[in-house]
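A quick write-up on the structure given underneath.
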Amino acid sequence: MLVKDKKFKLFISQAQIQERIAILSKRLVEDYRGKNPLFITILNGAFIFAADLIRQIDIESEITFVKFTSYASMESTGKVDQIIGFNDDIFQRHIVLIEDIVDTGLTMSEIMHELKRFRPSSLEVVTLLMKPDALKMPIKVNYVGFEIENKFVVGYGLDYDGYGRNLQDIYVLAQDQEA
Ligand code: IMP
Ligand code: MG
């Protein structure tokens, strides 16, 4: 599978993704019933994951979308410059951030730091993917879809230089392309 100029191979199938989403959403339903949580989807990458996840969460809840500008191509800068589209009142709300992938954790750490200033009742993270070996910040991620190796992945919302978000499965960079 060629995405832009690099070769990728199948890594996590759409069936496996949906299986994990069923488990994660059950846990979220149990943990947040009666709490009227506000799910905050971090754009762009998490839009497909959020769409599938939220439709399995049949409790009173709200969903919103924000965009933090920071990530360039295949390397994380970890700097959050700007929040776009954030006009929800999160004071004393139960907040669940929906993310596609936690890599170094720098982005998530900054986002959590920013949001905590608005004093939510609670702040948790659900991420589809996590690279534990890449983690540089001591962040707590309560809901993890898959822990993966420290390799670059695309598909199911995740991109390589803007491409590959529309793939139904998740693909990993082919071995002979690795640096
Ligand atoms: P972090 O700050 O290093 O944790 O980077 C988090 C962000 O980097 C994610 O929200 C993704 O947008 C992006 N990212 C990290 N790893 C990958 C990857 O393997 N494929 C695509 N995007 C990635
Ligand atoms: Mg992202």
Side-chain angles (χ1 to χ4, degrees), residues 1-14 16-17 20-21 24 38-54 63-86 95-117 123-179:
M1 159 80 54
L2 196 68
V3 179
K4 201 185 170 194
D5 54 2
K6 291 204 189 295
K7 269 190 286 170
F8 287 83
K9 58 177 202 275
L10 185 63
F11 184 47
I12 305 172
S13 72
Q14 43 182 314
Q16 288 173 296
I17 296 169
R20 279 302 293 163
I21 288 177
L24 285 175
L38 172 64
F39 291 94
I40 302 181
T41 306
I42 301 173
L43 295 173
N44 293 327
F47 77 114
I48 293 179
F49 174 47
D52 282 346
L53 183 76
I54 203 76
I63 184 160
T64 189
F65 303 84
V66 292
K67 185 165 182 164
F68 296 87
T69 54
S70 81
Y71 202 82
S73 197
M74 294 178 71
E75 192 188 346
S76 178
T77 62
K79 282 230 166 56
V80 173
D81 315 315
Q82 222 190 329
I83 312 179
I84 300 165
F86 183 66
I95 305 301
V96 183
L97 293 169
I98 304 181
E99 179 60 301
D100 52 355
I101 185 164
V102 175
D103 182 7
T104 62
L106 291 167
T107 308
M108 187 49 79
S109 163
E110 283 244 358
I111 292 171
M112 292 176 86
H113 180 78
E114 283 298 308
L115 296 185
K116 275 179 186 157
R117 298 194 298 134
L123 180 61
E124 299 291 344
V125 178
V126 53
T127 186
L128 178 64
L129 304 170
M130 180 149 183
K131 299 179 183 172
D133 296 339
L135 206 63
K136 288 185 186 155
M137 300 299 287
I139 55 164
K140 185 185 64 158
V141 183
N142 236 346
Y143 306 92
V144 178
F146 300 90
E147 290 196 344
I148 63 168
E149 279 175 75
N150 194 3
K151 290 187 175 165
F152 194 81
V153 293
V154 290
Y156 194 73
L158 291 129
D159 74 303
Y160 160 50
D161 241 1
Y163 293 91
R165 293 194 197 278
N166 53 334
L167 297 168
Q168 306 213 35
D169 310 275
I170 294 173
Y171 293 78
V172 66
L173 193 65
Q175 228 109 65
D176 56 356
Q177 315 263 306
E178 283 167 17

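Values below: all heavy atoms of this structure, side chains included; hydrogens, waters and symmetry mates excluded. Counting convention: from 1, in listed order, for ligands and their atoms alike.
Counting heavy atoms from C-beta on, the side chains of Met130 and Glu99 never come closer than 4.5 Å.
Residue contact check: Glu99 has heavy atoms under 4.0 Å from atoms 10 (O) of ligand 1. Listed by number with element, the atoms of ligand 1 under 4.0 angstrom from any heavy atom of Thr104 are 1 (P), 2 (O), 3 (O), 4 (O). Distances below 4.0 Å separate heavy atoms of Leu158 from the following atoms of ligand 1: 21 (C), 22 (N). The distance from ligand 1 to the heavy atoms of Thr107 drops below 4.0 Å at these ligand atoms: 1 (P), 2 (O), 5 (O), 6 (C).
Gln14 and Asp169 make their closest contact through N-OD1, 2.7 Å (heavy atoms, listed as atom of the first residue, atom of the second, distance).
Using a 4.0 Å heavy-atom cutoff, Val154 is absent from the residues neighbouring ligand 1. Residue Lys131 places a heavy atom under 4.0 Å from ligand 1. Ligand 1 has Gly105 within reach: a non-hydrogen atom of the residue lies less than 4.0 Å from it. Contact annotation: Met108 has no heavy atom less than 4.0 Å from any atom of ligand 1. Proximity of Asp159 to ligand 1 is established by a heavy-atom distance of less than 4.0 Å. Ligand 1 has Lys151 within reach: a non-hydrogen atom of the residue lies less than 4.0 Å from it.
Side-chain N or O atoms of Lys131 include none that pairs as donor or acceptor with a backbone N or O of Thr104 at under 3.5 Å.
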Quiz item: Going through the checks in order, is the side chain to side chain contact (heavy atoms under 4.5 Å, CB included) test met by Ile42 and Thr107?
Solution: CA-CA 11 Å; Ile42 301 173; Thr107 308; 6.0 Å; no

Practice problem: List the steps and the verdict of side chain to side chain contact (heavy atoms under 4.5 Å, CB included) for Lys7 and Leu2. | Solution: CA-CA 5 Å; Lys7 269 190 286 170; Leu2 196 68; 4.2 Å; yes

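Not counting sequence neighbours, the partners of Leu115 by the side-chain contact (heavy atoms from CB on, under 4.5 Å) test are Ile40, Phe86, Ile90, Leu97, Ile111, Leu123.
Residue contacts with ligand 1, taken as heavy atom pairs separated by less than 4.0 Å, involve Val153 via backbone and side-chain atoms alike.
Between Tyr160 and Phe152, the ring planes lie perpendicular to each other; the angle is over 60°, past the 30° to 60° tilted range.
Counting heavy atoms of neighbouring residues, nucleotides and ligands inside a 6.0 Å radius, atom CD of Gln16 exceeds 12 of them.
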